[in-house]
Amino acid sequence: TNDTLRFGLENIKTIKSNISQIIIDERNKEKFNDLYDFIIRMVLNDISLQVLADLTYANALSCFMISKEKIIANLTNLYNYASLFKGLDYKPNSYNDLKYSNIDIPLLVFENNEIDYLKKEYELLGVYMSTHPISKIKSKTNLKYSDITSITNGFYNLIAKIIQLDKKKTRKGTDYITLTVEDDSASLRIYEYKNMLSDFKKGDIVYLNINKIGERIFINDIKKLEV
């Protein structure tokens with residue numbers, strides 16, 4: 001619905017050239033007025049529900065000015081609604097016409113869910129298109145830190161989000177934890193043997209001091225940040 005190109009459609013890992021061409025061809029026929037029209041025209045071209053979800057996660061539908069959380073919450077209903085136009089002579093942006101008055105337009109409702117939208121976005125694009133919460137913290141903090149992508153060997157301070165905690169044992173039976181964290185540049189797996197993580201959980205934003213030795217990274221200190 002606007003002429004701003006944020007990211008090529010085919011840079012989305014699950015979007016093949018035939019799918020992006022369908023979107024372009026439909027847009028060339030007539031611009032998409034809104035989300036309803038877009039979904040109808042995609043479904044009439046046999047675009048799957050999963051592809052529509054991936055487009056949403058990758059921010060490709062942000063031009064419709066509806067949050068991706070809200071689109072995902074309503075996507076199945078929208079897909080089923082659009083399927084009712086199959087076999088009909090649908091013209092772009094005509095779903096409000098009187099001849100379709102027997103097809104109820106679904107209201108968009110908001111539902112809370114546990115989806116990690118940033119993770120989905122990164123999986124599909126390989127980069128963060130949305131503002132990562134760590135970026136906001138870095139812009140306001142006086143703490144000294146390094147980006148994960150800048151780490152070589154040595155000691156570093158990081159501001160990061162915990163995305164995974166796994167309890168494990170060595171071959172000799174020693175308990176340890178692998179901790180996966182991410183900042184706005186990349187993710188990192190760290191090993192912890194000092195029992196420092198009992199009060200930490202997935203989703204916590206932390207400030208940690210690490211030591212990288214070869215391929216392994218160890219925690220020296222970790223603190224929870226209030227955000």
Side-chain angles (χ1 to χ4, degrees), residues 1-136 161 163 184 203:
T1 59
N2 60 49
D3 296 324
T4 301
L5 180 63
R6 293 184 63 196
F7 212 75
L9 286 172
E10 289 178 43
N11 285 298
I12 304 172
K13 294 178 182 179
T14 57
I15 304 303
K16 306 303 181 186
S17 59
N18 63 316
I19 295 172
S20 61
Q21 192 60 51
I22 287 170
I23 296 171
I24 292 167
D25 289 346
E26 282 294 328
R27 186 185 61 192
N28 288 340
K29 288 179 188 176
E30 191 170 328
K31 285 189 175 182
F32 304 109
N33 266 6
D34 56 26
L35 179 64
Y36 291 103
D37 179 64
F38 176 81
I39 298 291
I40 292 168
R41 288 157 70 180
M42 293 303 99
V43 171
L44 293 181
N45 278 282
D46 297 321
I47 300 298
S48 71
L49 181 62
Q50 184 59 57
V51 166
L52 292 172
D54 289 348
L55 288 168
T56 305
Y57 289 128
N59 285 326
L61 307 188
S62 61
C63 56
F64 297 120
M65 306 304 290
I66 300 171
S67 71
K68 57 185 169 185
E69 292 85 355
K70 195 168 189 176
I71 294 175
I72 290 297
N74 291 274
L75 195 53
T76 298
N77 283 342
L78 287 168
Y79 186 88
N80 292 337
Y81 162 72
S83 298
L84 297 175
F85 289 85
K86 287 189 173 183
L88 304 180
D89 185 25
Y90 181 79
K91 298 291 189 297
N93 300 307
S94 67
Y95 66 89
N96 260 322
D97 287 2
L98 187 60
K99 64 179 177 179
Y100 301 128
S101 60
N102 62 319
I103 302 178
D104 292 332
I105 301 171
L107 295 175
L108 299 183
V109 298
F110 187 81
E111 296 177 12
N112 291 323
N113 51 54
E114 298 299 322
I115 297 171
D116 188 333
Y117 290 95
L118 278 170
K119 181 180 178 182
K120 289 280 189 181
E121 184 179 291
Y122 189 83
E123 287 173 352
L124 289 163
L125 295 172
V127 295
Y128 293 110
M129 296 294 286
S130 302
T131 302
H132 197 285
I134 298 300
S135 297
K136 296 178 182 178
K161 178 182 179 181
I163 58 174
D184 51 353

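Count residues from 1 along the sequence.
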As an exercise, state the distance from CD1 of I39 to CG of N80, rounded to the nearest 0.5 Å. 11.5 Å
Sequence neighbours left out, what passes side-chain hydrogen bond (donor to acceptor under 3.5 Å, both in side chains) with N45? Give chain and number order. E26
So, Y81 versus N74: side-chain donor-acceptor pair below 3.5 Å or not? no
Report, one line per pair, each donor and acceptor closer than 3.5 Å where one atom sits in a side chain of residues 97-109; sequence neighbours left out.
| from | atom 1 | to | atom 2 | distance (Å) |
| --- | --- | --- | --- | --- |
| Y100 | OH | D89 | O | 3.0 |
| S101 | OG | L98 | O | 2.9 |

So which pairs with a foot in residues 46-64 pass salt bridge (Lys or Arg N to Asp or Glu O under 4.0 Å), sequence neighbours left out? D46-K86
Side chain proximity check, N18 to Q21, heavy atoms < 4.5 angstrom: no
For A60, check side chain to side chain contact (heavy atoms under 4.5 Å, CB included) against everything at least two apart and list the hits. L9, I12, L55
Min side-chain heavy-atom separation I66-L61 under 4.5 Å: no
Atom pair NZ/CG of K29 and D25 - distance to nearest 0.5 Å: 7.5 Å
Qualifying residues under side-chain hydrogen bond (donor to acceptor under 3.5 Å, both in side chains), relative to Y79, sequence neighbours excluded: none
Using 30° and 60° as the class limits, which term best fits the ring planes of F32 and F38: parallel, tilted or perpendicular? perpendicular
From L35 CG over to I40 CD1, what is the distance, rounded to the nearest 0.5 angstrom? 9.5 Å
Is the shortest side-chain heavy-atom distance between Y95 and N33 below 4.5 Å? no
State which residues pass side-chain hydrogen bond (donor to acceptor under 3.5 Å, both in side chains) with N77; sequence neighbours excluded, sorted by chain then number. none
Taking all heavy atoms of L75 and all of L52, pick out the closest pair and write down the distance. CD2-C, 3.9 Å
Using the test side-chain hydrogen bond (donor to acceptor under 3.5 Å, both in side chains), find all partners of Y90 that sit at least two apart in sequence or belong to another chain. D37
Spacing of OG1 belonging to T56 relative to CD belonging to E69, to within rounding of 0.5 Å: 10.5 Å
In sequence, state the C-alpha distance, the side-chain angles, and the governing distance for R41 and N93, and then conclude on side-chain contact (heavy atoms from CB on, under 4.5 Å). CA-CA 9 Å; R41 288 157 70 180; N93 300 307; 4.1 Å; yes
Which value, rounded to the nearest 0.5 Å, describes the distance between I22 atom CD1 and I47 atom CD1? 4.0 Å
